[in-house]
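Heads up, the thing below is written out as structure tokens.
Just so you know, these numbers come straight off a predicted model, no measurement behind them. Below, read A as the first sequence line, B as the second, and so on, with proteins coming before strands; counting in each chain starts at 1.
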Protein chains: 2
Amino acid sequence: MNPYNAIKSAIIIGEYEPGKRLTEEALAESLQVSRTPIRDAIKQLESDGLIIPFKRRGYIVKEFSIEDIRQIYNLRALLESHGAGEAALNRTKEELQFMHEKNTAYEQAISKLKRSDISTIKNIQQANQEFHEEIFKATKNEHLRSHISKVVVVPLIFRSFYWYNERQLLRSLEVHKTILKAIENREPERAKIAMQEHIYQGRDDVLVQMANPKIELWKGEV
Amino acid sequence: MNPYNAIKSAIIIGEYEPGKRLTEEALAESLQVSRTPIRDAIKQLESDGLIIPFKRRGYIVKEFSIEDIRQIYNLRALLESHGAGEAALNRTKEELQFMHEKNTAYEQAISKLKRSDISTIKNIQQANQEFHEEIFKATKNEHLRSHISKVVVVPLIFRSFYWYNERQLLRSLEVHKTILKAIENREPERAKIAMQEHIYQGRDDVLVQMANPKIELWKGEV
DNA sequence: TTTTAATTTATTGTATACAATAAAAAATAT
DNA sequence: ATATTTTTTATTGTATACAATAAATTAAAA
């Protein structure tokens, strides 16, 4: 795994907790490479909004406020709902088939849920992400796609899956099916609204958990 | 000027034309710095979508197709119109005042138009950009702001000002005033739609010029 | 002559030493 | 005790040499 993915991964699973301070040298030592590739990774992570410079004394892992969550999820809602509408207009039969396959994979990942097992949750998050990405591929809009990927802050989504219970996961699966049906039927407005609602639901789940933390984020060895 | 802005600037004014090949070493030589800061700049420019890697043999300045223009401007329309709506809801009296000032500066920059004079056109583009940015500041939505800035591909906008005649510039000034009025009156829907129309107008002007190039991009020494 | 393999070359990737500098700590003055 | 200046230190910024490697070129084989 390259330095970028290694650090990102550690942030996603919470090994590097929000607020933790990172320096080039310490990261280089920990990943057994020189500072040069670490600097490349850091620049990318900064542009991703996952770390922020800390007064010329390294970086800290970004802590997301309630307002950050609102803003990020509202942006996602705007862009991803637009994407779903475009997908409903432009999808081919083959692409629809791929979406079905990705959603089936998501269903299977959910069925293997073991709470607090990092790798199970990673699988669920990954399957979910691939389903969403399949939709945006079908828009044939490369710029929209790449911008959506910049708005999607993976650590936030990972955390929401970490907190989700089975009921919540099954509900999200049902909404995926609604979105799929709308795309299948070439109903852009319905696909758009279903996707918007899906993202808002995710946003509110995160906000509720933040206001009233029932489950701590995992801590300890990888 | 740092390497990032130096290279970006050269791309914007067309000194580095679309398709031109760039290598780290040549840029380092030309800007009289080592490859290290050039590499940082290149990474940023790549993420901006202004250059693309060319089979491990340097980079080339991005050539924008008609489809690219459509996708980028449509994205801008989506995000900036949303931003204008939010600004109409959230702007303070002071922020409204700033917007007026920026638009006055835009009006003055236009009044000094001399076609084909790079620095005049740079001023117009800069003033226009500052007006738009003032609107997005008023949203108090830092994430929206930063994403809009990623969608705004400055070379495209610069080129459109390069091609614009006085009539087109005055029309764009009038639309700015419409947007301002809607923000002043706290009419989010109208601000949104006016901004959307403004961006689509810009898009179509660029598409028309691309289909039927009346004015060549500037070439020669800086 | 065309395909395949070997060699060379252009270019990015990485390590490392040193320079610049902002922040922190210590010393001095008020 | 507080404010100001000086010194030290932690950390990023930059230059440069060398390594890795994909692409281009040349040579060899079919």
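- Checked against side chain to side chain donor-acceptor pair (under 3.5 Å), Lys62(B) has the following partners two or more places apart in sequence or in another chain: Asp68(B).
- Listed by chain and residue number, nothing satisfies the side chain to side chain donor-acceptor pair (under 3.5 Å) test with Lys137(A) (two or more places apart in sequence, or in another chain).
- Remark: C1' of dT12(D) and CG of Asn2(B) are 16 Å apart, rounded to the nearest angstrom.
- Atom CZ of Arg21(B) and atom P of dA23(D) are 12 Å apart (whole Å).
- The salt bridge (charged side-chain N to carboxylate O under 4.0 Å, His left out) contacts involving residues 81-92 of chain B comprise nothing, where partners must be two or more places apart or lie in separate chains.
- Because its NZ or CZ atom is both nearer than 6.0 Å to the ring centre of Tyr73(B) and within 45° of the ring axis, Arg76(B) counts as a cation-pi partner of that residue.
- Within the structure, salt bridge (charged side-chain N to carboxylate O under 4.0 Å, His left out) pairs that include any residue of residues 143-157 of chain A comprise Glu142(A)-Arg145(A) (at least two apart or interchain).
- Rounded to whole Å, atom P of dA10(C) lies 19 Å from atom OH of Tyr59(B).
- Checked against dT12(C), dA10(C), dT12(D), the side chain of Glu24(A) finds its nearest nucleotide in dT12(D).
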Distance-only criterion, 3.5 Å: show the donor-acceptor pairs between side-chain atoms of residues 30-38 of chain A and protein atoms not counting sequence neighbours.
{"residue": "Gln32(A)", "atom": "NE2", "partner": "Glu29(A)", "partner atom": "O", "Å": "2.9"}
{"residue": "Ser34(A)", "atom": "OG", "partner": "Thr36(A)", "partner atom": "N", "Å": "3.3"}
{"residue": "Arg35(A)", "atom": "NE", "partner": "Glu24(A)", "partner atom": "OE1", "Å": "2.8"}
{"residue": "Arg35(A)", "atom": "NH2", "partner": "Glu24(A)", "partner atom": "OE1", "Å": "2.9"}

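- Rounding to whole angstrom units, CG of residue Leu45(A) and P of dT12(D) are separated by 14 Å.
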For nucleotides 14-22 of chain D, read 5' to 3', which letter fits each nucleotide if B means a protein heavy atom sits under 4.0 Å from the base, S means only the sugar-phosphate is that close, and - means neither? BBB----SB
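- Along DNA chain D, the nucleotide nearest Ile42(A) and the nucleotide nearest Phe54(B) are compared for position; the residue whose nucleotide lies closer to the 5' end is Ile42(A).
- To the nearest angstrom, P of dG13(C) lies 15 Å from CD1 of Ile38(A).
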